[in-house]
Amino acid sequence: MTASVRPPSLSLSGIAFCLPEKTVDAHRWAARCGLPDARARALLDNGVAQFHDAAGASPVALAVHAVSSLLHETDTAPETVDALVYTHTIQTSVLAPPANTAQEIQLCTGLSRALAFSIMQQHCVSPMAAIRALLALAVRHSSLRRAIVVCADVIGSECDRLRAIQDLALHSDGACALLLERDGERDVIAGLHLYTDGRSFRGTDDDLQPVPDDRYYWSAFSTMRAAIRQAGITSRDITHVLPHHVNLPGWARLMTMLSVRQERLFTANFGRIGHVFGADPFIDFRTCRDRKPGGWSLLFSCGLAGCFGAMVIRH
């Protein structure tokens, strides 16, 4: 009889993020876009106060800053990193061909040993898709011990109107880097589930605005429920829900559907940070200070084209 082999696990050992210093509030955004002040008030009613504006800085520069900060804060030697995955949502958040964005970040941060590649097809869920890819690689390659996932996106000032997701969010420019380590004892990824609704393959309408999703709540709920079940726990065990910064009023409904107490939803970053594409739940994880050993965090993200992702982490 052969003994069963336990699949490798990954721990979220460190997070660093980079947000531009410049912020623009909802009223100033509406004025910049020539929109009535009522639009700003509608955003504020939904908990949306401001966004961070890169003002011309490139997403690569933000990504390099986030990765460099991560290496410094975690005292990680660049030569010990085995993989680097760059993720993004906007197609323009890459260098123009023939330049290679992942390779540029790799060269600027000294990650010369790392296998480097990019993932973007899951939009704001791409960081979680990258973690799923790294878990699969770790099964096949025992030498993969440490990896970095970095996401970065920038909306140019000339595209200001595209920052709004209806009246539910304003996109922020920014980057976030994650350090993942094999078989750690703290902050272990215990559940990870991705779902894509094929009905939304176009992503936007003819005016480049998100198409309303009549199955949003069910898709979000079922994705989070699947990750919780995969972790082998129940919703009562969840101590923190770390959401994407979109549709704050709707999160009350989702918390009820999940049977998780409302006070366990971490909302501190909705108004002051904005929606930093795929970085939101990881920025929340970094800034939520009362995580205690034995607790469980549920991270959630949702993106264009019907992409949903949820992850459960054991502290």
Side-chain angles (χ1 to χ4, degrees), residues 12 14-24 51-74 78 81 83-97 99-111 114 116-131 133-134 147-160 162-163 165 169-180 244-246 269 273-287 299 301-304 307 309:
L12 188 54
I15 297 175
F17 57 90
C18 174
L19 298 174
E21 290 187 11
K22 181 180 179 181
T23 59
V24 177
F51 64 87
H52 287 261
D53 188 349
S58 75
V60 174
L62 298 178
V64 168
H65 188 285
V67 172
S68 299
S69 297
L70 179 70
L71 294 171
H72 174 73
E73 293 171 9
T74 58
V81 178
L84 169 69
V85 189
Y86 175 59
T87 74
H88 60 102
T89 294
I90 305 175
Q91 293 182 354
T92 54
S93 290
V94 293
L95 297 172
N100 183 307
T101 306
Q103 184 183 58
E104 183 68 17
I105 297 169
Q106 181 182 30
L107 292 173
C108 291
T109 54
L111 303 177
F117 59 96
S118 297
I119 290 178
M120 65 84 59
Q121 65 268 25
Q122 298 303 109
H123 304 287
C124 291
V125 188
S126 292
M128 292 188 185
I131 293 172
L134 289 168
I148 289 176
V149 174
V150 59
C151 56
D153 276 289
V154 167
I155 290 183
S157 297
E158 67 279 3
C159 299
D160 253 356
L162 300 182
R163 287 195 183 273
I165 302 177
L170 285 172
H171 284 105
S172 271
D173 302 327
C176 185
L178 321 173
L179 178 64
L180 300 153
H244 69 332
H245 304 156
V246 180
N269 292 329
I273 287 181
H275 175 42
V276 197
F277 297 88
D280 289 351
F282 301 103
I283 292 175
D284 288 348
F285 191 88
R286 177 72 170 79
T287 55
L299 288 71
S301 193
C302 171
L304 285 173
C307 299

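- In this structure, CG on Leu170 lies 12.0 Å from OG1 on Thr23, to the nearest 0.5 angstrom.
- Side chain of Thr101 to main chain of Leu95: a donor-acceptor pair is present (N/O by atom type, distance under 3.5 Å, no hydrogens or angles).
- Here the closest heavy-atom approach between residue Ala152 and residue Tyr86 is recorded as O-OH, 3.4 Å.
- With contacts defined as side-chain heavy-atom distances shorter than 4.5 Å, the pair His65/Val150 does not qualify.
- Shortest non-hydrogen contact noted between Val246 and Ala169 is CG2-CB, 3.8 Å.
- Here the straight-line distance linking atom CE of Met120 with atom SG of Cys151 works out to 13.0 Å at 0.5 Å rounding.
- Between the side chain of Gln106 and the main chain of Ala114, a donor-acceptor pair closer than 3.5 Å is present.
- Annotation: side chain of Leu299 is not in contact with side chain of Asp284 (no heavy-atom distance under 4.5 Å).
- Minimum interatomic distance between Gln91 and His88 (heavy atoms only, all atoms of both residues): CA-CE1, 4.4 Å.
- Annotation: side chain of Leu162 is not in contact with side chain of His171 (no heavy-atom distance under 4.5 Å).
- Annotation for Leu62 and Cys18: closest pair CD2-SG, 3.7 Å, computed over non-hydrogen atoms.
- What you find for Ala147 and Val81 is that their closest heavy atoms are CA-CG1, 4.2 Å.
- Note on residues 15-24: pairs passing salt bridge (Lys or Arg N to Asp or Glu O under 4.0 Å), not counting sequence neighbours, are Lys22-Asp53.
- Here CD of Gln122 is found 11.0 Å from SG of Cys302. Values are rounded to the nearest 0.5 Å.
- Using a 4.5 Å heavy-atom threshold, the side chains of Val67 and Leu111 count as touching.
- Put simply, CZ on Arg286 and CG on Leu178 are 12.0 Å apart, with the number rounded to the nearest 0.5 Å.
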Leu179 vs Ile15, test: side-chain contact (heavy atoms from CB on, under 4.5 Å). Steps then yes/no. CA-CA 6 Å; Leu179 178 64; Ile15 297 175; over 6 Å; no
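- The side-chain heavy atoms of Phe117 and Val85, taken from C-beta on, include a pair separated by under 4.5 Å.
- Checked by atom type and distance alone, the side chain of His123 never pairs as donor or acceptor with a backbone atom of Val125 at under 3.5 Å.
- With Thr89 contributing its side chain and Cys124 its backbone, the two residues share a donor-acceptor pair below 3.5 Å.
- Separation of atoms OG1 (Thr87) and CE (Met128) is listed at 11.0 Å; rounding is to 0.5 Å.
- Residues Ile148 and Thr109 form no side-chain contact, since every pair of their non-hydrogen atoms from C-beta on lies 4.5 Å or further apart.
- Here the CD1 atom belonging to Ile155 is positioned 8.5 Å from the CZ atom belonging to Phe51, to the nearest 0.5 angstrom.
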Please output the side-chain donor-acceptor pairs of residues 273-283 that fall under 3.5 Å, not counting sequence neighbours, one pair per line with the distance.
unit_1, atom_1, unit_2, atom_2, d
His275, ND1, Asp280, OD2, 2.5
Asp280, OD1, His245, ND1, 3.3
Asp280, OD1, Val276, N, 2.7
Asp280, OD2, His245, N, 2.7

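- For the residue pair Ser93 and Val154, the shortest heavy atom distance occurs at OG-N, 3.5 Å.
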